[in-house]
Amino acid sequence: MSGLGVLFRRELALAWGRGGGPMLALPFYACVATLLPLAIGADTGPLKAIATGSSWLALALTSLLSLERLFERDFEDGALDLLALGDEPLEAVCFIKCLVQWLATGAPLALAAPIAAMALGASPGLTPLIIATALLGGLGFSFTGGIGAALSIGSRRGGVLIAVIVLPLFAPPVIFGAGAISQAAAGLDWRAGFALLGGYSLFFTALGPFFMAAACRNALS
Amino acid sequence: MIQLLANPQRFMDFSKWAAPIFGILAVALLGTGFTLAFAVPEGVEGSGGSGDAIRFLFFHPQLATMSMAIYAAMAASAFFGFVFRHLLADAGARAAAPLGAGFTFLALATGSLWGVKTWGTWWIWDAKLTAELVLFLLYLGYMALLAAIDDETKATRAANILAMVGVINLPIIYFSVYWWNSIHQGSSMGGNHLGPDYVAPFILNMLGFAALFCALWIVRVRAEVWRRKAGALAVQAAGKS
């Protein structure tokens, strides 16, 4: 088995094991979606208006959860040094890490997103589009978030620092994803927003690992 | 020019004169600009503000333009610092961030004052306003990252990478907020039809704010160089004793 395959299995085991991955992300997501009506009020009118948008907000927040451990743990126990010294390029290592991050949190969340949106009053007919945008958007969140996680390796502020760095960069996917859904809900053409969301996510899937690898090398130097 | 000034000693010799010259230039340009700005006839409805509100036209757009130009300057410095590992470029990026955040904050503050006068509201989620707000958050993120890592060299390099990510993102963010706004409502800002009386102070203040930034930037880069020198001397002295 190639080195990257082993790495993929290791990362997946780490992300899923010990209550990680969906075991953590789904309850958090459910909590955010529950607090929302408590804060807004149980009136279905305003809730329905913000249902799809707020399910996207919850997605963006939830995707920040496990970013802190993405590189920091490997940095602390020295595994990142070994990965950097190994045969596989560090860019590929970062790519695998973010891909697993997406598989372990982004993908399960994408399946939960329409449930939360429907509970808040979104139309059930939007379910396929919500799942598709959440899958694509989660990919973008993982790879932009990974840049923030790699940059804050070795800092004393961890998770909050990542959030401050990364959340402004989440503006375009949130706009495109939530925009596509709200356009579909209004009976308009949703393909523009969906295509732009895909463009953004794939752009950072391609480019993000290079920034992450540069940041890792800097932290390890 | 850049090659020549890349030498820190030569930069210090040059900037000793350049900083005050830019400072004097800024005072002269902004002085003339603001004098003219207060002399122009009051605005009429639909020209960017009736009555005295028109005078925001002579510093708010300039501040907003500078807030973006400074990010470009910071990212360019960051790029040179990252690629060539040049101390002055690193110092330039570090020094530009608080200035950029300041200009962005002033642009947002004057903008909302102008908004109260002309639109009757402190804030609307217009594309331009939102993009400016995100720019402000990008500056804050850069400074937070810089402050959070102990090792100064590593912190600077990490922040340089973030500035480059940010500058790739800025056009996307701009495009996305315009796209977002257009699906909600049309732009509420009309075009400005300016007479020649208005153009002179507009441009003078634009140049004035640019000169002001240059002066402050050079002063801050000089301070960075001195701080590094002081740190090196302190280490030397500690080694001798």
Side-chain angles (χ1 to χ4, degrees), chain A residues 53 140 143-144 146-183 186 188-190 192-193 195-197 199-201 203-204 207-208 210-221, chain B residues 71 75 78-79 81-83 85 90 97 101 104 125 127 129-184:
Chain A
F143 278 85
T144 35
I147 299 175
L151 285 173
S152 61
I153 296 174
S155 80
R156 295 177 183 279
R157 299 288 174 267
V160 186
L161 177 66
I162 298 175
V164 170
I165 293 175
V166 156
L167 279 178
L169 305 179
F170 279 6
V174 167
I175 288 172
F176 296 141
I181 299 173
S182 68
Q183 273 174 317
L188 299 168
D189 189 7
W190 47 267
L196 288 167
L197 175 68
Y200 183 89
S201 293
F203 180 67
F204 272 94
L207 210 60
F210 293 96
F211 286 116
M212 286 176 232
C216 288
R217 288 200 187 96
N218 174 44
L220 293 172
S221 66
Chain B
Y71 201 93
F79 177 76
F82 183 78
V83 173
R85 295 182 181 258
D90 283 346
T104 315
W125 290 97
L129 280 72
T130 313
E132 191 73 9
L133 186 60
V134 175
L135 178 66
F136 186 56
L137 296 176
L138 284 176
Y139 276 121
L140 293 187
Y142 178 93
M143 292 196 291
L145 180 63
L146 205 52
I149 300 177
D150 291 339
D151 184 327
E152 197 180 302
T153 317
K154 282 184 187 178
T156 307
R157 277 183 82 73
N160 283 348
I161 297 172
L162 181 63
M164 289 189 283
V165 175
V167 87
I168 293 173
N169 250 285
L170 259 188
I172 307 176
I173 291 171
Y174 257 83
F175 169 73
S176 67
V177 289
Y178 275 90
W179 186 82
W180 160 72
N181 188 258
S182 70
I183 60 175
H184 284 271

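Predicted model only: the values in this text are computed from it and were never measured. Chain identifiers are assigned alphabetically (A, B, ...) following the order of the sequence lines, protein sequences preceding nucleic acid strands; residue numbering begins at 1 within each chain.
Rounding to the nearest 0.5 Å gives a distance of 4.0 Å between CG of B:N169 and OH of A:Y200. Expressed to the nearest 0.5 Å, how far CG of A:L151 lies from NZ of B:K154 amounts to 13.5 Å.
Within the 4.5 angstrom heavy-atom criterion, only side-chain atoms of A:L161, from C-beta onward, approach chain B. No part of A:L188 comes within reach of chain B, as not one of its non-hydrogen atoms sits under 4.5 angstrom from that chain. Neither the backbone nor the side chain of B:L135 comes within contact range of chain A, judged by heavy atoms closer than 4.5 Å. For A:L169, the parts lying near chain B are the backbone and the side chain together; criterion is any non-hydrogen pair under 4.5 Å. For A:A219, the part sitting under 4.5 Å from any heavy atom of chain B is the backbone (N, CA, C, O) and nothing else. For A:L207, the part lying near chain B is the side chain, with the backbone staying farther off; criterion is any non-hydrogen pair under 4.5 Å.
Residues B:V134 and A:F170 have side chains not in contact (no heavy-atom distance under 4.5 Å, counting atoms from C-beta outward). Side-chain contact between A:L167 and B:L137 is absent, with no heavy atoms from C-beta onward closer than 4.5 Å.
The two residues B:R157 and A:N218 come nearest to each other via the heavy atoms CB-OD1, 3.3 Å.
With chain A as partner, the option from B:I168, B:V165, B:N160, B:T153 having the largest number of non-hydrogen pairs under 4.5 angstrom is B:V165.
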For residues 172-179 of chain A, which side-chain N or O atoms pair as donor and acceptor with protein atoms under 3.5 Å away, sequence neighbours left out?
none

Check: residues 139-150 of chain B side-chain donor-acceptor pairs under 3.5 Å, at least two apart:
from	atom 1	to	atom 2	distance (Å)
B:Y139	OH	B:S67	O	2.8
B:Y139	OH	B:Y71	N	2.9
B:Y142	OH	B:A93	O	3.4
B:D150	OD1	A:R156	NE	3.3
B:D150	OD2	A:R156	NE	2.8
B:D150	OD2	A:R156	NH2	2.8

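Around atom CZ of A:R217, more than 12 heavy atoms belonging to other residues, nucleotides or ligands sit under 6.0 Å away.
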